[in-house]
Amino acid sequence: VQLQASGGGSVQPGGSLRLSCVASGLTADIDRMGWYRQVRGKQRELVAQIPNGRNAVYLDAVKGRFTISRDNARNTVSLQMNNLQPDDTAVYYCHASAPVVAGDVQYDWDYWGQGTLVTVSS
């Protein structure tokens, strides 16, 4: 699976941006799709994720401001980010995972897109 992200950029506090990510390859195996973000020197954190056929989950700090959507027909996941704040400044990564079964063990195989920088500053 390959993930190609787009969007991002620089906005002032209170502004909006939309991130999009398209998956290609063995997309039928994908379960979870979503977005992580990382600030230099800190761990990557989950921002929003939408498992196939299940409800989305959000980082508490973005609830009510960010909305994740998924289009399985187009193999895309998008993140609409409203009321952006300086603390949202980070590199955002598109993520997908697919279950893998090895003997009696099942685990998720992770795929990552290239990062896209979101900068919120006045």
Side-chain angles (χ1 to χ4, degrees):
V1 174
Q2 295 78 45
L3 302 175
Q4 181 68 43
S6 61
S10 296
V11 294
Q12 293 186 340
S16 297
L17 286 172
R18 184 176 181 86
L19 305 180
S20 294
C21 178
V22 59
S24 59
L26 297 176
T27 58
D29 296 335
I30 293 175
D31 180 18
R32 292 178 171 83
M33 295 190 78
W35 296 89
Y36 283 70
R37 68 187 183 187
Q38 188 170 24
V39 176
R40 184 175 296 180
K42 294 187 177 181
Q43 285 191 330
R44 194 172 295 187
E45 64 179 357
L46 175 64
V47 177
Q49 185 179 76
I50 182 166
N52 199 14
R54 305 191 293 282
N55 293 332
V57 294
Y58 293 91
L59 179 71
D60 283 348
V62 308
K63 286 181 180 178
R65 300 188 296 122
F66 291 11
T67 303
I68 190 171
S69 59
R70 177 173 178 173
D71 185 338
N72 286 338
R74 292 180 171 82
N75 296 316
T76 60
V77 62
S78 299
L79 186 67
Q80 178 64 41
M81 305 184 293
N82 297 328
N83 191 21
L84 283 159
Q85 299 301 315
D87 284 348
D88 297 317
T89 296
V91 176
Y92 285 70
Y93 295 90
C94 178
H95 169 265
S97 66
V100 176
V101 177
D104 296 332
V105 178
Q106 179 172 316
Y107 59 94
D108 288 336
W109 189 272
D110 294 318
Y111 301 94
W112 297 95
Q114 84 282 11
T116 183
L117 179 62
V118 171
T119 302
V120 185
S121 173
S122 55

| Could you state the interatomic distance from CG (N82) to CZ (R18), rounded to the nearest 0.5 Å? | 9.5 Å
| task | Heavy atoms only: give me the nearest S20-S78 pair and the separation to one decimal. | result | OG-OG, 3.4 Å
| When you measure from the side chain of T76 to the backbone N and O of V22, does any donor-acceptor pair fall under 3.5 Å? | no
| note | Residues A98 and Y111: closest non-hydrogen pair is CB-CE1, 4.2 Å
| According to the interplanar angle, ranging from 0 to 90°, do the rings of F66 and Y92 count as parallel (below 30°), tilted (30 to 60°) or perpendicular (above 60°)? | tilted
| request: Among residues two or more places apart or on two chains, list those pairs meeting side chain to side chain donor-acceptor pair (under 3.5 Å) that have a residue in residues 97-107. | output: none
| Do the side chains of V39 and Y93 join up, straight or via other hydrophobic residues, at under 4.5 Å, putting them in one cluster? | no
| Under a 4.5 Å side-chain heavy-atom rule over Ile, Leu, Val, Met, Phe, Trp and Tyr, are V105 and V100 clustered together? | yes
| said: For L3 versus C21, what's the shortest heavy-atom pair and its separation? | reply: CB-SG, 3.8 Å
| task | Kindly indicate whether the side chain of V47, heavy atoms from C-beta on, has any atom under 4.5 Å from the side chain of M81. | result | no
| remark: Rounding to 0.5 Å, atoms CD (E45) and OH (Y36) come to a distance of 10.5 Å
| message | So for atom CG, which belongs to L26, do other residues, nucleotides or ligands contribute more than 12 heavy atoms lying within a distance under 6.0 Å? | response | no
| Heavy-atom donor-acceptor pair, Q85 side chain to N83 backbone, under 3.5 Å | yes
| task | Compare all side-chain heavy atoms of S121 with those of T89 and state whether any distance is below 4.5 angstrom. | result | no
| query | Which heavy-atom pair separates V1 from A23 by the least distance, and what is that distance? | reply | CG1-CB, 4.3 Å
Return a table of donor-acceptor pairs under 3.5 angstrom between the side chains of residues 49-61 and protein atoms on other chains or two or more places apart.
| from | atom 1 | to | atom 2 | distance (Å) |
| --- | --- | --- | --- | --- |
| Q49 | OE1 | R32 | NE | 3.3 |
| N52 | OD1 | N72 | ND2 | 2.8 |
| R54 | NH1 | N52 | O | 3.4 |
| R54 | NH2 | D31 | OD1 | 3.4 |
| R54 | NH2 | D31 | OD2 | 3.1 |
| Y58 | OH | I68 | N | 2.9 |
| D60 | OD1 | K63 | NZ | 3.0 |

| remark: Smallest heavy-atom separation, V77 atom then M33 atom, equals CG1-CE, 3.7 Å
| said: Please find the pair of heavy atoms, one from V91 and one from G115, that lie closest to each other, and give the distance. | reply: CG1-CA, 3.6 Å
| Test item: P86 and P13 side chains (from C-beta on) under 4.5 Å apart, heavy atoms | yes
| message | Apply side chain to side chain contact (heavy atoms under 4.5 Å, CB included) to residues L79 and R37 and explain how you reach the verdict. | response | CA-CA 12 Å; L79 186 67; R37 68 187 183 187; over 6 Å; no
| query | Any side-chain heavy-atom pair from W112 and R44 closer than 4.5 angstrom? | reply | yes
